[in-house]
Amino acid sequence: KKIFMKIYSFTFAREGSKGIKNKNLIKFNNKSLIYWAINDCIKSKLINKSFVSTDSDKIAKEAFKAGAVIPFKRPKKLSTSSSPEYLSWKHAMEFLKKKNDLPDVFVSVPCTSPLRSSKDLDNMISFFLKKKPDFLVGVSESDRSPFFNIFKMKKNNKIEIFSKPKKKIFRRQDSPKTYDLTTFAFISKPKYIMKSKDFYSGSVIGFKVDKKRSIDIDTIQDLKYAEYLKKYYGIKK
């Protein structure tokens, strides 16, 4: 017998953005980045409700048009470039708790991963339900390695390998596998979000995602590259 679970997605999209002005509203494949994030959530077979937390009327309007629930206007103090996003996660969960509508599973779906799909979200949620960690993140294999070709720079431009391996490594392929954090999704339980000061202190697991679709939009170059990848690999959106 299938047990009904409340699985809610949240997209956190503030007005200001440093790399690209009004990043969340910028167009990718003729639609805004916020549209694609909400669309992935709505097309998901497992997410019951898609929320957006924003301080911007423009973003709220666009999100509402795309089918999201806008339960509140995010307080300004949680919307500056220096306010950590996890505080907005806590704020959203506290709000739902007061409304007596806390979900069983919380899924943060950022705007910056337009090549992600609703199927990716469902795969990640299923993995989360199966493995039962405190926190699940999407990861992809790194091209560069702190054991081989990532350095720290000291005084007088002296460089040294970022992390010294136990034995000398002459080829990148021989260095330990490392992974990049993606912005496909972040999945947790409301209780963990509300009590935790650092989401990475509990049991955190990574879900491997398709590297060619794992681009995280931070600059105009990233956006152009995402358009190129979509075209080159025939990624459906």
Side-chain angles (χ1 to χ4, degrees), residues 5-14 23-24 28 31-54 59 63 66-69 71 84-93 96 102-142 179-194 196 198-200 202-218 222 226 229-230 235-237:
M5 289 187 94
K6 286 204 298 197
I7 301 175
Y8 292 173
S9 72
F10 258 93
T11 296
F12 296 88
R14 60 186 188 86
K23 178 165 69 178
N24 299 307
F28 168 79
K31 298 266 204 262
S32 64
L33 288 181
I34 185 120
Y35 167 87
W36 289 118
I38 295 162
N39 196 49
D40 288 341
C41 298
I42 287 170
K43 281 165 80 176
S44 150
K45 291 184 167 73
L46 299 175
I47 293 168
N48 320 116
K49 266 191 211 174
S50 304
F51 293 89
V52 165
S53 163
T54 185
I59 291 173
V69 179
E85 192 173 285
Y86 81 89
L87 292 177
S88 293
W89 293 14
K90 285 177 185 283
H91 169 259
M93 292 304 96
L96 289 182
L102 264 186
D104 299 299
V105 179
F106 161 92
V107 188
S108 167
V109 182
C111 292
T112 52
S113 209
L115 298 178
R116 163 200 56 223
S117 70
S118 56
K119 197 167 189 291
D120 293 318
L121 294 178
D122 288 343
N123 289 340
M124 285 182 77
I125 294 165
S126 302
F127 192 70
F128 177 84
L129 295 174
K130 188 176 150 201
K131 297 284 187 185
K132 301 182 172 58
D134 287 324
F135 197 47
L136 174 73
V137 299
V139 296
S140 67
E141 230 170 275
S142 315
Y179 293 87
D180 293 330
L181 183 65
T182 72
T183 53
F184 264 52
F186 301 89
I187 307 178
S188 190
K189 295 269 178 87
K191 202 167 144 192
Y192 181 69
I193 287 166
M194 291 190 292
S196 197
D198 167 17
F199 296 154
Y200 292 97
S203 72
V204 183
I205 64 174
F207 180 85
K208 279 211 258 187
V209 300
D210 182 355
K211 186 166 178 59
K212 65 178 180 287
R213 295 189 295 110
S214 68
I215 190 156
D216 178 22
I217 308 287
D218 207 27
D222 294 335
L229 289 169
K230 184 193 170 295
I235 297 165
K236 298 269 183 285
K237 255 339 244 187

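Since the structure is predicted, the reported quantities are computational estimates derived from the model, not experimental observations.
- In this structure a side-chain-to-backbone donor-acceptor pair under 3.5 Å is present from R116 to P110.
- Counting heavy atoms of neighbouring residues, nucleotides and ligands inside a 6.0 Å radius, atom NZ of K119 does not exceed 12 of them.
- Distance check, rounded to the nearest 0.5 Å: CZ of R14 to NZ of K23 gives 8.5 Å.
- At a threshold of 4.5 Å between non-hydrogen side-chain atoms, the residues K237 and N39 do not count as touching.
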Passes side-chain contact (heavy atoms from CB on, under 4.5 Å), F186 versus I193? Steps please.
CA-CA 11 Å; F186 301 89; I193 287 166; over 6 Å; no
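- Counting only heavy atoms from C-beta outward, the side chains of M5 and I125 never approach each other to under 4.5 Å.
- Residues L115 and F28 are in side-chain contact: their nearest non-hydrogen atoms beyond the backbone lie under 4.5 Å apart.
- Crowding of K189 atom NZ: a count of heavy atoms from other residues, nucleotides or ligands under 6.0 Å not exceeding 12.
- Interatomic distance, OH of Y8 versus CG of L96, reported as 7.0 Å (0.5 Å rounding).
- Summarising the geometry of S214 relative to S140, their closest heavy-atom pair is OG-OG, 3.4 Å, with the distance given to 0.1 Å.
- In this structure, the separation between CD1 on I235 and CD1 on I215 is 10.0 Å, given to the nearest 0.5 Å.
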May I have the step-by-step check of ring-ring contact (aromatic ring centres under 6.0 Å, His included) for F12 and F10, ending in yes or no?
CA-CA 6 Å; F12 296 88; F10 258 93; 5.5 Å; yes
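- Looking at T182, its side chain does come within 3.5 Å of a backbone N or O of G138 through a donor-acceptor pair.
- Without hydrogens or angle criteria, K49 side chain to K6 main chain gives no donor-acceptor distance under 3.5 Å.
- Looking at T112 and D216, their side chains do bring a donor and an acceptor atom within 3.5 Å of each other.
- Under the ring-ring contact (aromatic ring centres under 6.0 Å, His included) criterion, F199 pairs with Y86, W89, F135, not counting sequence neighbours.
- Note that CG of N24 and SG of C111 are 4.0 Å apart. Values are rounded to the nearest 0.5 Å.
- Counting heavy atoms from C-beta on, the side chains of Y192 and M93 never come closer than 4.5 Å.
- Going from atom CD1 of I7 over to atom OG of S44 covers 7.5 Å, rounded to the nearest 0.5 Å.
- Distance check: D122 CG to K43 NZ gives 11.5 Å after rounding to the nearest 0.5 Å.
- In terms of the ring-ring contact (aromatic ring centres under 6.0 Å, His included) criterion, Y35 has no residue partners (sequence neighbours excluded).
- Between K131 and L136 there is no side-chain heavy-atom pair separated by less than 4.5 Å.
- When atom types are taken as modelled, the side chain of S188 and the backbone of D134 share a donor-acceptor pair closer than 3.5 angstrom.
- P114 is listed as a side-chain neighbour of I217, based on a closest heavy-atom distance under 4.5 Å.
- Of the possible donor and acceptor atoms, one in the side chain of T11 sits under 3.5 Å from a partner among the backbone N and O of V109.
- A heavy-atom distance below 4.5 Å is not found between the side chains of V209 and D120.
- Nearest heavy-atom pair, G67 versus I38, reported as atom, atom and distance to 0.1 Å: C-CG2, 4.3 Å.
- Residues S117 and R213 have side chains in contact (heavy-atom distance under 4.5 Å, counting atoms from C-beta outward).
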